[in-house]
Amino acid sequence: MVSSYEQQRKELALKLFQISAFKFGSYTLKSGEISPVYFDLRVIISHPDVMENLTNLMLLFIKEKEIQCDQLCGVPYTALPLATLLSVKMKQPMLIRRKEAKTYGTKKLIEGKFQDQETCLIIEDVVTTGSSIIETTNDLRNENLEVEDAIVVVDREQGGKDNLTKNGIRMHSLFTLPYFLEILKDEGKIEDDMIKTIKDYISKSTEKKEVKKSATRLQMTFSSRAEIAKNEAAKELFKIMEAKKSNLCLAADVTKSDEILNLAESLGPFICVLKTHVDIVEDFSENFVNSLKALAKKHNFMIMEDRKFADIGNTVALQFSKGIYKISEWCDLVTAHSLPGDGLLKGLKEVIKNKEKIGIFMLTEMSSDGHLMSQDYSNKTMQMIANYSDIVAGIVAQSSQFTENQPELIQLTPGCKLDETGDNLGQKYNTPEFLVKEKGADIAVVGRGIIESKNPVEVAKTYRERLWNSYEERIKY
Ligand code: 5IU
């Protein structure tokens, strides 16, 4: 049995090479990094014989590891057909995780029939950091399913296993990159020079990983991030967060200026940012903003106007500095869309250059159901921001959208409530713990969860404590 398994494994490795499921040469990865090896297991769907052999091998592997499960779930997309074949052969039901909840009918994220506490085995093709498996696991666990094991075809050995262990998932991989190298070398299918290049690459990326390990955004303290922040307002905000032990932003969505000032006075001590929508204030006046600024100073919080600029540079410069509101005169932070292109940032920069400290938060993703900000849109927004690090303080996002480790930027995440899942107008909510620990939020925005509660002060304290504890747990790793 063992020898036949080893034989099958070797044959499959050679076959995967033959059909270009992995290639050696010089490839530019999504991150911009040049890699001498490239994996693309999507090609296997064009080779039914490989699909069959791989499924058989995975079956033997699951048996050998003595993994028991009630359900199978493939990580979208490449592993879906693999999970399907395994499900049929094992006579074990499977589940499908949607990448986005449906916007109509039932808002299910997990399709298939299941019961509480059933165990679900995850199937994945290639693992780099393990983040896709973690996302799938979180959605399954949210449905009260148990996830303990993941079977993967290839482990690139770039930190995935450790990340999964931290999340309570055992990862079992059929293949690793060094194994492929060994087999191909034995068969004379790869030049010695290439083996050396790849081995150097592996050891270099391990070294890089070690350095990065101590410095990833999610593990750094806010005070150390204050040191490297390039935008002055972001620097100050990090310091405020650390000083007040608060990463809570209050969305003061009330329509009378006195109500906002009352909130600022009573909740000011517990928040790092007070977020306004000035266009909903019915009795706006210069006095109001002056009082708000005084309270911001008194309680040491920053004022964010959630203006969501979305026009050409010339217009946003006017909207920012002129009109009734003269936003740039009183806000510390302001939000903007990347939709119009970077002329918008140039327009805002024209205004900001005469100010002391203002930081822009760019939207990459919204919390509302059915928003149109795709991953591609978000990636392009991140590229745009890279050239404006002096004026951009961070992003407004639902998950970590940073393409690289960018600890100098702040992730602000709206859609936070202690226990609810949404409102009837499309807003989606998550808990403080989930947003900070799983979704990379540095600051969470809470509006109605606090202002519509019976005791806003007590509730704000609870949010602040739960958000801060989550941050402290996050940096421990
Ligand atoms: N807000 C969102 N989602 C987003 C963005 C902003 O909810 O994606 I960008 C704003 C809207 C509101 C606040 O001012 O954050 C959330 O308020 P509630 O906690 O009351 O839902």
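Both ligands and their constituent atoms are indexed starting at 1 by order of listing.
Compare M366, R448, K417 by their heavy atoms: the one nearest to atom 20 (O) of ligand 1 is in R448.
Residue H277 has at least one N or O atom closer than 3.5 Å to an N or O atom of ligand 1. Considering backbone and side-chain N/O atoms, K275 comes within less than 3.5 Å of an N/O atom of ligand 1. In terms of polar-atom proximity, D253 is counted as a contact of ligand 1, with an N or O under 3.5 Å from an N or O of the ligand. Close N/O approach between Q427 and ligand 1 is found [any backbone or side-chain N/O within under 3.5 Å]. Considering backbone and side-chain N/O atoms, G447 comes within less than 3.5 Å of an N/O atom of ligand 1.
With respect to D125, the side-chain contact (heavy atoms from CB on, under 4.5 Å) criterion is satisfied by exactly one of T78, V154, I44, V152: T78. Put simply, the residue from K230, K346, M362 that forms a side-chain contact (heavy atoms from CB on, under 4.5 Å) with Y388 is K346.
Atoms of ligand 1 found under 4.0 Å from any heavy atom of V396 (numbered from 1 in listed order, with element): 9 (I). Within ligand 1, counting atoms from 1 as listed, the ones closer than 4.0 Å to a heavy atom of L363 are 9 (I). Taking every heavy atom of S367 and a limit of under 4.0 angstrom, the matching atoms of ligand 1 come to 2 (C), 3 (N), 4 (C), 7 (O), 8 (O). Set against the non-hydrogen atoms of A251, the atoms of ligand 1 under 4.0 Å away are 13 (C), 14 (O).
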Can E329 and V289 be said to form a side chain to side chain contact (heavy atoms under 4.5 Å, CB included), step by step? CA-CA 9 Å; E329 311 262 305; V289 278; over 6 Å; no
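In this structure, the side chain of D283 engages the main chain of S257 through a donor-acceptor pair within 3.5 Å.
Ring orientation note: the planes of F284 and Y325 are nearly perpendicular, at an angle over 60° on the 30°/60° scale. Between F309 and F320, the two ring planes are perpendicular [angle over 60°; tilted spans 30° to 60°].
Ring to ring, F222 and Y471 are close: their centroids are under 6.0 angstrom apart.
Among all protein heavy atoms, the one lying closest to atom 18 (P) of ligand 1 is Y429 OH, 3.5 Å. Residue, atom and distance of the protein heavy atom nearest to atom 5 (C) of ligand 1 are P414 CG, 3.5 Å.
Between the CD1 atom in I475 and the CZ atom in R217 there is a gap of 13.0 Å [rounded to 0.5 Å].
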